[in-house]
Amino acid sequence: MKNVLDVLRERGYVKQVVFEDELYELLGKESVTFYTGYDPTADSLHVGHFVTLMAMAHMQRAGHRPIALIGGGTAMVGDPSGRTDMRSMMTKETILHNVECFKKQMSRFIDFGEGKAMIVNNADWLYDLNYIDFLRDVGACFSVNQMLTAECFKQRLERGLSFLEFNYMLMQGYDFLELNKRYNCVLQAGGDDQWSNMLAGADLIRRKVGKKAYALTFSLLTTSEGKKMGKTAKGAVWLDAEKTSPFDFFQYWRNVEDDRVATCMKLLTFMELDEIAELTAYKDERMNAAKERLAYEVTAIVHGKDTADRVLKEVKASFSLDVDNMPTVEIASPIGIIDVLVKSGQCKSNGEARRLIEGGGVSVNETKITDYAWTLPEEITSKGEFVLHKGKKVHLRIVIK
RNA sequence: GGGAGGGUUCCCGAGCGGCCAAAGGGAACAGACUGUAAAUCUGUCGUCUCCGACUUCGGUGGUUCGAAUCCACCCCCUCCCA
């Protein structure tokens, strides 16, 4: 069987590796227990987490044992990595709620069957730590001088860093040590922004128990301009269907930039590499087929095949104006066009709707609406439904209740 | 604890008594061009009963005909000294 590190490299997951050759050998000869941590800072996982979950899934398929660590304890401290300001503190209740949400979502991607994988919460060992004991035991192993040179604190050293957050690194390091002791976990994987935190843990294990530990970071999903992917007008792209509808989720991937398609396919689907190469070899409108495939595959993994099938049908109907199968929104007795736009959720306020119409972005049944005082004519109200277009990407069937 | 500088609309960031719903950039949405792409150009981007009105510039109270702009107190942040 292929070494999983090769698989991950080919697909473009791997960014940095500690003791690369040794780790490669280890992964090639035995089942390795590894972990990736997720801080429950929201009530749903998002696209950024998804990349690492996929990497975990690949590793699990290669026979290794993943531990999904949910940072119920570390979330109480807040990770300063990549942040320009302090995170707002979350209450224990919120964190607890988020932990539950994460657990539910993760089981869709990772098989948590007996002995195959585990899900643990670092609150189990962090909440009850004794300050003095912890300082003597773990704090003594860290050099402030060294910590200050870490990349993850650089930005914050210019803008301010609280002692609370400064301790995050120790917490994460301690997690790795704890997992190493409890489950013989020898590898930590995670987003590249976690590099210094991961090294801290590997170092701590070496110093405390004299064993080798490894770290591996994954590339973050970025746009061609290097910005983090997964943000839209409505905020992050969530994996929770309630927060980002499967339709919107699908459309997000359907609309990625051309030169991101191959990357996304490699990182977010299980598609074979040669198939990906084939599909993305074009530089013209044939890319659209690849994008549709990407969107379908990702949606199927996140929301299930049935949902992906349904959404694909809806999307196709929507763009080919096949009224019977288009996404439909029911609204109660709309008066004018502004009312329709707001009630259907396409505009946040009347003013926004008005401006959109003035800008020429709205059509009803193929007729562009130019007057915001426009009201539904008799032939539409008697029929009880019509097609609403917002821009060229939103096509809805509106049914009047 | 002492001294200095700050908190502005989604983000960055101007403004420093009226001409401010507040420059500029980014993000976003829409229009043109296209391939439901990128780049480019254009428009919009607080709310409303929209040629007018209303609510915003950390909080609370003042001064003033009039405050994001001045004063007082409070909260938060940064830097220097201890």
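Letters A, B, ... are given to chains in the order of the sequence lines, protein chains preceding strands, and every chain is numbered from 1. Note: hydrogens, waters and symmetry copies are ignored here, and every other heavy atom, side chains too, is used.
Distance CG (A/Asp248) to C1' (B/U36): 14 Å, rounded to an integer number of Å. Rounding to whole angstrom units, CG of residue A/Leu294 and C1' of B/U36 are separated by 14 Å. Counting to the nearest Å, the C1' atom of B/C29 and the CG atom of A/Asn255 are 14 Å from each other. For the pair A/Ile357 CD1 and B/G31 P, the computed distance is 13 Å after rounding to whole Å. Atom CD1 in A/Ile338 sits about 13 Å away from atom P in B/U47, given to the nearest Å. Rounding to whole angstrom units, NZ of residue A/Lys393 and C1' of B/U34 are separated by 12 Å. Spacing between atom NZ of A/Lys368 and atom P of B/G31 amounts to 6 Å, rounded to whole angstrom units. Rounded to an integer number of Å, the gap from CD1 of A/Ile369 to P of B/G31 is 14 Å.
Among the atoms of the strands shown, base atoms are found under 4.0 Å from some heavy atom of A/Lys283. Using a 4.0 Å heavy-atom cutoff across all strands shown, A/Glu292 reaches no nucleic acid atom at all. Nucleic acid contact for A/Gly360: sugar-phosphate only, since backbone atoms but no base atoms lie under 4.0 Å from a heavy atom of the residue. Across all strands, A/Val315 comes closer than 4.0 Å to base atoms (heavy-atom distances). Using a 4.0 Å heavy-atom distance criterion, A/Lys390 is classed as a sugar-phosphate-only contact.
For A/Lys2 and A/Glu10, the salt-bridge test passes: some basic side-chain N is under 4.0 Å from an acidic carboxylate O. Ion pairing of A/Arg397 with A/Glu314 is absent here, as no side-chain N (NZ or NE/NH1/NH2) approaches a carboxylate O to less than 4.0 Å.
Comparing B/G35, B/U47, B/C29 by their nearest atom to the side chain of A/Asn288 picks out B/G35. Closest to the side chain of A/Arg355, out of B/A37, B/C45, B/U36, is B/C45. Each of B/U36, B/G35, B/U44 was ranked by its minimum atom distance to the side chain of A/Met287; first place goes to B/G35. When distances run from any side-chain atom of A/Leu356 to the nucleotides B/A30, B/A38, B/G35, the shortest one goes to B/A30.
Counting atom types as modelled, A/Arg354 pairs a side-chain N or O with a base atom of B/C50 as donor and acceptor under 3.5 Å.
Remark on RNA chain B: of its neighbouring residues A/Tyr372 and A/Arg286, the 5'-side contact belongs to A/Arg286, judged by nearest-heavy-atom nucleotide.
When the side-chain nitrogen and oxygen atoms of A/Asn350 are compared with OP1 and OP2 of B/U49, one or more of them lie within a distance under 4.0 Å. Under 4.0 angstrom from either OP1 or OP2 of B/G46 there lies no side-chain N or O belonging to A/Ser349. Listed pair A/Lys392 / B/C33 fails the phosphate criterion, with no side-chain N or O lying under 4.0 Å from OP1 or OP2.
Across the C1' atoms, B/A30 and B/U69 are found 35 Å apart, a figure rounded to whole Å. Look at the C1' atom in both B/C33 and B/G25: the space between them is 25 Å, to the nearest Å. A distance of about 8 Å separates the C1' atoms of B/A22 and B/C57, rounded to the whole Å. For the P atoms, the distance linking B/C16 with B/A21 amounts to 15 Å, nearest Å. Taking atom C1' on both B/A68 and B/U42, the two are 32 Å apart, rounded to the nearest angstrom. Annotation: B/C11 and B/C81 have their C1' atoms spaced 34 Å apart (nearest Å). When the P atom is used for both B/C65 and B/G5, the distance is 30 Å, rounded to whole Å. For the P atoms, the distance linking B/C20 with B/G52 amounts to 15 Å, nearest Å.
A/Arg61 forms a cation-pi arrangement with A/Phe270, by the criterion of a distance under 6.0 Å to the ring centre and an angle within 45° of the ring axis.
Surrounding CD of A/Glu242 are at most 12 heavy atoms belonging to other residues, nucleotides or ligands under 6.0 Å away. Residue A/Lys343 qualifies as enclosed at atom NZ: its count of foreign heavy atoms under 6.0 Å is above 12.
Across the strands present, B/C10 finds its partner in B/G26; the criterion is a Watson-Crick or G-U wobble pair with both atom distances under 3.5 angstrom. Base pairing annotation: B/U34 forms no Watson-Crick or G-U wobble pair, as no partner gives both donor-acceptor distances under 3.5 Å. Figure legend. B/C50 is base-paired to no nucleotide; pairs are counted as Watson-Crick or G-U wobble with both atom distances under 3.5 Å. Pairing for B/G5 goes to B/C77, judged as Watson-Crick or G-U wobble with the two contacts each under 3.5 Å.
In this structure the side chain of A/Leu5 reaches within 4.5 angstrom of the side chain of A/Leu216, judged on heavy atoms.
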Practice problem: Applying side chain to side chain donor-acceptor pair (under 3.5 Å), run through A/Gln188 and A/Gln194 and close with a yes or a no. | Solution: CA-CA 10 Å; A/Gln188 178 174 185; A/Gln194 294 301 312; over 6 Å; no
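Side-chain N or O atoms of A/Arg65 include none that pairs as donor or acceptor with a backbone N or O of A/Val32 at under 3.5 Å.
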